[in-house]
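Note sheet for the following structure.
Whatever order the structure lists ligands and atoms in, that order sets their numbers, starting from 1.
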Amino acid sequence: MPQRSTESVDNYLKAILTLGERQPGRVASNALAAHLGVAPASVTNMLQKLAAAAAPFVEYERHRGVLLSPSGRRRALEIVRHHRLIETFLYEVLDYPIEELHEEAERLEHFISERFEERIAAKLGHPTTDPHGHAIPSLEGEMPPRSSMCLTDVSEGTFIVDSISDRDAPTLRSLQANGLTPGTKVRVTRSPSDSYSVRIGRSTTALDLSPEVAREVRILPLTK
Ligand SMILES: [Zn+2]
């Protein structure tokens with residue numbers, strides 16, 4: 001297969017994995033089109049092609065949505081592992097700014113060899129999470145289930161920041177500049193303007209997050 005189409009297959013598999021994690025079960029092709037930013041007709045085309053392959057990566061039925069086959073899930077997890085290891089390497093070893101990690105990793109994830117992947121993992125001490133707080137799948141393709149919740153799913157309380165989505169660079173930059181990073185303790189209240197008011201650590205000043213920004217942040221309940 002020429003490289004461009006491998007890249008695009010990988011991106012489909014990753015998107016199906018991500019959307020399936022958000023809402024277990026079959027992924028609707030419209031949701032996939034929105035996530036990938038492509039026309040629904042191209043999605044249908046691609047899924048039909050993928051499902052018709054000799055060892056298909058997906059199970060697809062029109063109007064019923066799509067599921068990853070065991071080999072599709074393995075491939076998707078491998079690409080996610082590449083992506084998150086590359087992000088960690090760029091951040092910790094090459095000092096890339098947090099908001100530039102994702103775009104660079106999106107390019108490189110399709111092309112690194114198994115040897116390169118192993119070297120990066122060893123150099124970094126076999127990390128289990130990336131700089132955004134996302135779990136890195138193991139070499140065997142295992143990833144712990146997500147137990148975190150979206151900030152928009154809570155009304156108030158004290159939490160630990162679990163992860164921040166890597167998809168929106170300006171949001172990432174501003175949250176990091178304000179000290180909102182994975183592992184920090186936050187106190188959340190809803191403000192009358194419908195935004196989320198977040199106090200970081202012992203700080204007495206609150207950061208106001210719009211619902212759009214709050215949706216990018218996942219949190220865990222504070223244990224103890
Ligand atoms: Zn990323």
ask   = Within a reach of under 6.0 Å around CZ of Arg107, are more than 12 heavy atoms found that belong to other residues, nucleotides or ligands?
value = yes

query = Just checking, Arg190 and Tyr196: is the charged tip under 6.0 Å from the six-membered ring centre and within 45° of the axis?
reply = yes

query = Which atoms form the tightest heavy-atom contact between Ser148 and Arg218, and what is the distance?
reply = O-NH2, 2.6 Å

ask   = With sequence neighbours left out, what residues match Ser113 under side chain to side chain contact (heavy atoms under 4.5 Å, CB included)?
value = Arg115, Phe116

inquiry  = Test of understanding: with side chain to side chain donor-acceptor pair (under 3.5 Å), list the residues that count as partners of Ser69, not counting sequence neighbours.
reply    = Ser71

Acceptor/donor pairs from residues 13-24 side chains to any protein atom, 3.5 angstrom cut, sequence neighbours excluded:
from	atom 1	to	atom 2	distance (Å)
Lys14	NZ	Glu106	OE2	2.7
Lys14	NZ	Glu109	OE1	3.1
Lys14	NZ	Glu109	OE2	2.7
Thr18	OG1	Lys14	O	2.9

request  = Anything protein N/O/S under 2.8 Å from the Zn ion (ligand 1)? Just list residue and atom, please.
outcome  = His83 NE2, Glu87 OE2, His102 ND1, Asp166 OD2

